[in-house]
Every structure is written in C-alpha cells, then in structure tokens.
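Below: the structure, in structure tokens.
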Amino acid sequence: AAKIHGQPSKVLLICDQAEVFWDSLGVFAGVVATSSHPFAAVLAGRHPRVAFISESEPVEHLEFGKGNLSRPPAQRGNVLMWHGGGYSLDALQELRPTLQRLSKQLSLELHVVSGRKEAHTEVWETLKVSFFPWSKEQLLRSAAVARLGFVPARRSVKNSWLNPASRVRCLYALGVPAIGDDRVPDVVEFMAGFAGPLAGRGKPWEDCLRELWRND
C-alpha cells in the first residue's frame, strides 16, 4: 500500500446507532455526525472533537422531484407513501388502526418501501397495503404515483429525539408532500423553513392525514 505522508488521523463518520461505537469513540481523532444537530450534541458529550456536516439530497432526486411536481399530487392517484428501514416499521404499525379507519372514509392505498423481502400485498381491513423491497428505482416509482407521504417516528427518546429529518427531506426532494413527526427536533427544524405539516403531540395523525388528503 502507498505510504501516507504527514500525520494521518482516523475520523469516524456516523449518522446513527452511536451505541455501536460508544465505548470506542476515544480511538478516533475526531467524529463527524451527519444526521442531526441533537445527535452531534450527544456525541460531543462523549468526544472532545465533534463536527456536524449535514447530508444533502442527490441531484437525481431533485431532478426527479422537479419533473414530478409538474403534475399536482392530488392528480397522481390515491397512494399514501411510507419508506424507511425495517427497524422503523413498528412506528407504521402503531398507526395501523388510524389508517384502517381512514381507508373506510377515503379512497387510498398504502405503499411501503422497505427492507429486502419480495414484493407482496396485504389487506388491512379495507386498506390495500403494497410492500416493496427498498431500491432507488422503487422509491422513484412509488413517488411518481404518491399523493402524500408520512414519516412517523418510533417511540423513545433515542428513536425520536435523535431521529434525522432525512426520510421526510427525501420525500420532498422527490416531489411528494409529506407529514413529519413533531416529536423529532430535526424534523421540526426542517419543516420550519416552509411551514411543513407536523403531527404527533400537537395534532393527531388522523386529522392531519385526512386534512391534507382532501386539500393537497
């Protein structure tokens, strides 16, 4: 291997799951957090040299979103969209009763883009739920037909306070209006820039979903 001249340093670039490296943070000369300011603040309590560099959306997403917005979301169909890692599915399941009630009042179906399992369909009472394995291509396909997106956060301090706004930001980049969780500081900060809709403690998810489904 080529010799590195000077004084090379080992730096940790991390977006979440600090507990995995918590006991070994000291071996790094510095730590760079990329998900949220609260996450960086937590790391700073453990390491003396922490920097924050915000993530940004790929140009491909922004270009797609620009084209997607040429058609109003309400004219794309009746798809409500959720995307994220499999570990976040419990937050979606918590809203299952809410979604089932809404499906009896509104014409909607749910797209879930997550994980690696084969595509399949479930029926939650009257709600059709299409599960797709995560891929960039599927993310774009669902965004192209999505009328609205939503990103509820998991319960607990770790999974809400430290949660980044990346999943909400991704939907907006793709031209999909989305509801964020008002328990997540990073999401609240992101939404404040354009008065984006929030649900959770301040406004019930059911009310917010129903209102935006009719008026977006």
Side-chain angles (χ1 to χ4, degrees), residues 13-17 34-36 39 53-96 99 102-103 107-124 127-154 159-160 163-181 184 186-187 190-191 193-194 196-199 205 208-209 212-213 216:
L13 182 69
I14 183 171
C15 64
D16 60 9
Q17 292 186 298
T34 64
S35 56
S36 69
F39 183 65
I53 300 177
S54 179
E55 299 172 331
S56 60
E57 288 301 308
V59 173
E60 180 182 3
H61 283 189
L62 297 173
E63 289 296 328
F64 176 90
K66 182 179 179 181
N68 204 20
L69 286 172
S70 64
R71 181 170 52 166
Q75 295 180 13
R76 296 177 195 160
N78 65 339
V79 170
L80 177 63
M81 183 176 174
W82 182 99
H83 75 106
Y87 54 84
S88 297
L89 280 167
D90 56 348
L92 174 63
Q93 288 290 346
E94 284 186 8
L95 287 179
R96 179 169 174 167
L99 298 172
L102 286 172
S103 71
S107 175
L108 61 85
E109 63 178 280
L110 176 62
H111 276 202
V112 177
V113 184
S114 177
R116 298 180 179 179
K117 295 182 179 179
E118 291 186 5
H120 66 282
T121 300
E122 296 181 5
V123 178
W124 296 354
L127 176 63
K128 177 184 176 182
V129 185
S130 299
F131 289 85
F132 301 100
W134 191 96
S135 70
K136 179 172 61 177
E137 294 74 20
Q138 183 57 53
L139 198 64
L140 301 184
R141 281 194 293 268
S142 288
V145 295
R147 177 170 179 165
L148 182 66
F150 68 123
V151 183
R154 292 177 290 163
N159 295 319
S160 57
N163 204 31
S166 56
R167 290 164 60 205
V168 179
R169 187 184 66 226
C170 175
L171 288 172
Y172 276 99
L174 296 174
V176 180
I179 305 170
D181 196 311
V184 184
D186 199 49
V187 170
F190 171 73
M191 293 295 213
F194 55 97
L198 296 165
W205 283 94
C208 199
L209 285 162
L212 291 177
W213 194 259
D216 69 350

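Not measured: the values here are computed from a predicted model.
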How many angstroms lie between [atom1] in [X] and [atom2] in [Y], if you round to the nearest 0.5 Å?
| X | Y | atom1 | atom2 | value |
| --- | --- | --- | --- | --- |
| L209 | L108 | CG | CG | 8.5 Å |
| F132 | E137 | CZ | CD | 13.5 Å |
| M81 | L148 | CE | CG | 11.0 Å |
| D186 | S54 | CG | OG | 7.5 Å |
| R147 | L212 | CZ | CG | 10.0 Å |
| F150 | L110 | CZ | CG | 5.5 Å |

If every non-hydrogen atom of [X] is compared with every non-hydrogen atom of [Y], which pair is closest and at what distance?
| X | Y | value |
| --- | --- | --- |
| L69 | G175 | CD2-O, 3.5 Å |
| V113 | P133 | CG1-O, 4.2 Å |
| Y172 | A178 | OH-O, 2.7 Å |
| V187 | G180 | CG1-CA, 3.8 Å |
| F190 | V168 | CE2-CG1, 4.1 Å |
| R167 | G84 | NE-CA, 3.6 Å |

### Query
With sequence neighbours left out, what residues match E122 under salt bridge (Lys or Arg N to Asp or Glu O under 4.0 Å)?
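Applying salt bridge (Lys or Arg N to Asp or Glu O under 4.0 Å) to E122 gives none.
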
### Query
In chain order, what residues pass the salt bridge (Lys or Arg N to Asp or Glu O under 4.0 Å) check against D181, with sequence neighbours excluded?
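D181 satisfies salt bridge (Lys or Arg N to Asp or Glu O under 4.0 Å) with R183 once adjacent residues are dropped.
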
### Listed partners of K66 passing side-chain contact (heavy atoms from CB on, under 4.5 Å), at least two apart
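If we apply the side-chain contact (heavy atoms from CB on, under 4.5 Å) test to K66, skipping adjacent residues, there are no hits.
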
### Task
Using the test side chain to side chain donor-acceptor pair (under 3.5 Å), find all partners of K136 that sit at least two apart in sequence or belong to another chain.
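Side chain to side chain donor-acceptor pair (under 3.5 Å) list for K136, sorted by chain: E60.
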
#### Entry: Residue list, side chain to side chain donor-acceptor pair (under 3.5 Å) with S142, at least two apart or on another chain
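Checked S142 against side chain to side chain donor-acceptor pair (under 3.5 Å); matches are H111, Q138.
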
### Message
So, using ring pair (Phe, Tyr, Trp, His ring centres under 6.0 Å) as the criterion, who are the partners of F131 when residues are at least two apart?
### Response
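F131: ring pair (Phe, Tyr, Trp, His ring centres under 6.0 Å) contacts with H120.
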
### Query
Are any non-hydrogen side-chain atoms of R76 and N68 less than 4.5 angstrom apart?
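Yes - at least one pair of side-chain heavy atoms lies under 4.5 Å apart.
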
### Message
Counting C-beta onward and ignoring hydrogens, is there a side-chain heavy-atom pair between C170 and L139 closer than 4.5 Å?
### Response
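Side chain of C170 against side chain of L139, heavy atoms only: contact under 4.5 Å found.
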
### Task
Go through the steps for W82 and L89 under the test side chain to side chain contact (heavy atoms under 4.5 Å, CB included), then give the verdict.
CA-CA 9 Å; W82 182 99; L89 280 167; 3.7 Å; yes

